[in-house]
Amino acid sequence: MNNLSGIAETWVVYMVDSNWQFILFTVLVIVFTRMFRSQSARFLYTIWLLALMKLLLPVHIKLPTFISSSNIPIGGVLPDVSISGVASISTISWQNIILIGWSIVAGAMLVIWIFQYLRFNKLLTQCTLLPEFESKTNGVQVLTGTTVQTPFAKGIRNPRIYLPQKTLELTQREIHVVLAHEMAHIQRKDTLWIAIQNMVQIAFFFNPLVWYMNSKLTQYREKACDDLAIQALETKPLEYSRFLLNTLDRYRQWRPVPLLTNQFHQTNRTLIDRFKYLTRRKEAIMLHFSMWQKGVLLALMIVGIAFACEKSDSVKSSDNGANVESLAKDAAENPVPDGGFGALMLNLKYPEAAKKAGIEGKVFVEVTIKSTGAIENSQITKSFGNAECDQAALEAVKMTKWIPAMVDGKAIDKRITIPFAFKLQNENLKAEQHDGNPVNFVAYDEPPQPIGGFVMLQKNLVYPETARKEGVEGKVMLQVNIDESGIVQHVNIVQSLNAECDEAAINAVKSTKWEPARQQDKSVAVWVSIPIVFKLS
């Protein structure tokens, strides 16, 4: 059940993010469609195709941080992981219910689609080949049969054109109109896009804007194919529209065909809309995009991608609402202590007077690390009001040797801000090494993360019954070594709560599957600090 809950929560977050981005982008597409409604069908079709592509893009796209943050942590602290003290009862969450409901409906729609498609394919096996038309279709096979109710093109790799037997009663010129239209679909690879459309519609069946998008794509696709057919036939729009009107009575018994096909006729309403477009159509409508049209499409693409972009160093907090202060960055972007962030931690001394007085807080130090590794102009930018702790933070920076930031292989000056946390802990367990292994911090581009998100780490936490009954609350700070394969090798206790909570925190970390840290696209073994919060509710 825990695994299902983790999947459900991740899925719900994905669906929410994907849909709000799609809705905002589609509203923009509707505005652009109205602004450019007099433009070619191909141009308007491409605008709506960008809306379809928005649903296919990743919801979150990580971009390189060209302007780096000035926040550098000590020891790569990962998000706080909290656990509630209320005895857990195995229940189905609302995310699970939504996922199960979605799976039932989407699965049923998919099964119906597959059944209809296979049944329709079986009926098409009764069709006969019309070899006399292949010279007019560049070798594409043309078939006819009693099961075909309207002309359509079908197939992605080996497309075919299917004609109702009534079509053979038309004049040769009218047949050429029908074939030219279906060849336009094949030329544009429309069958592939229709398949993508309908898979997206199944996945997002609950979003009415997705259905609206598909209707607009169908509308502009048919108009775009009319434009290509007119060009291929070297005829006039009004003449083409008369041919289209003459064929209308032949297909009064129109019935929809399954997905992965496109049909010559849809509904009377769409046909009327096509007639209006053809009658208003210019004699030589542009079938290629002008420079300003390309600019509009490019602007829409940039906006669509921008909705999903986020900095590569940003990580969402877990469901408990804890925020990630910052994560360790690569030495190629920021200066790092010589010997790792552990060296900076070792140089930080808790003032004895502040310790005895029970004073805790966080100090931010801003400092320039020169290209030589020397420090310059260090100052306190944020203090919690204790002068001794402020001085201790400044001394820790001065006592640490630094490796300068590098750009294109050249050392540069870089000003950074470093947060120092002063927090009291059990002296008897301070910096206890649970596995007895030394800590060596390694810089990384992407931190290790639990597979399925930090919620999976929470799911593996078990509040010790004795601690819960005694009202024990607090935080266990762990230093964890995660190797190149994502396996937890060593765990050190930096801050203890009690023996049972410490053990529960360690077991949760070890029971969780991890994605390893990455440095320059390679998996690396790193040490990270993971705070585990035990809180009764």
Side-chain angles (χ1 to χ4, degrees), residues 62-80 310-317 322-351 354 359-407 410-423 439 441-447 477 479 494 517 519 526-531:
K62 293 186 178 181
L63 295 179
T65 307
F66 297 105
I67 302 176
S68 64
S69 167
S70 60
N71 216 8
I72 293 186
I74 300 175
V77 180
L78 294 182
D80 282 4
E310 59 183 24
K311 290 184 178 179
S312 61
D313 59 335
S314 65
V315 178
K316 287 192 173 182
S317 63
N323 294 322
V324 183
E325 295 173 4
S326 52
L327 294 170
K329 295 185 177 181
D330 186 49
E333 294 182 3
N334 286 311
V336 292
D338 188 1
F341 288 100
L344 185 59
M345 295 176 69
L346 292 174
N347 289 330
L348 181 63
K349 307 299 181 184
Y350 211 127
I359 296 173
E360 297 181 325
K362 185 173 289 186
V363 177
F364 291 82
V365 177
E366 189 175 280
V367 60
T368 298
I369 308 298
K370 304 289 288 183
S371 58
T372 59
I375 66 170
E376 188 177 90
N377 299 328
S378 58
Q379 62 181 22
I380 302 295
T381 57
K382 186 176 180 181
S383 170
F384 61 91
N386 185 274
E388 291 182 335
C389 290
D390 293 349
Q391 189 59 38
L394 291 171
E395 289 296 327
V397 173
K398 292 179 181 179
M399 293 172 61
T400 303
K401 294 182 179 180
W402 291 85
I403 299 173
M406 305 289 290
V407 173
K410 183 180 179 180
I412 61 168
D413 298 350
K414 188 74 176 285
R415 192 158 184 82
I416 58 174
T417 298
I418 309 169
F420 290 89
F422 292 84
K423 187 171 180 63
V439 176
F441 288 101
V442 176
Y444 46 76
D445 296 321
E446 297 181 19
M477 180 67 76
Q479 286 177 341
V494 177
Q519 184 183 58
V526 298
W527 282 90
V528 290
S529 299
I530 305 178

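The structure displayed is predicted, hence computed values, not measured ones.
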Do Ile375 and Lys398 touch side chain to side chain, with heavy atoms closer than 4.5 Å?
yes

Distance-only, no hydrogens or angles: does the Thr381 side chain make a donor-acceptor pair with backbone N or O of Phe364 under 3.5 Å?
yes

Heavy-atom closest contact (Lys362 atom, Pro419 atom, distance)
CD-CB, 4.2 Å

Evaluate the side-chain proximity of Lys414 to Pro404: yes if any heavy-atom separation is below 4.5 Å, no if none is.
no

With heavy-atom distances below 4.5 Å as the criterion, would you say the side chains of Lys370 and Thr368 are in contact?
yes

Is there side-chain contact between Gln391 and Leu394, with heavy atoms separated by less than 4.5 Å?
yes

Exercise: identify the closest heavy-atom pair between Val397 and Trp402:
O-NE1, 3.3 Å

Residue among Ile416, Asp413, Ile412 satisfying side chain to side chain contact (heavy atoms under 4.5 Å, CB included) with Ile369:
Ile416

Nearest heavy-atom pair of Thr400 and Pro337: which atoms, and what distance?
CG2-CB, 3.6 Å

What are the two closest heavy atoms between Arg415 and Glu376, and how far apart are they?
NH1-O, 3.8 Å

Tell me, do Val365 and Thr417 make a side-chain contact under 4.5 Å, heavy atoms counted?
no

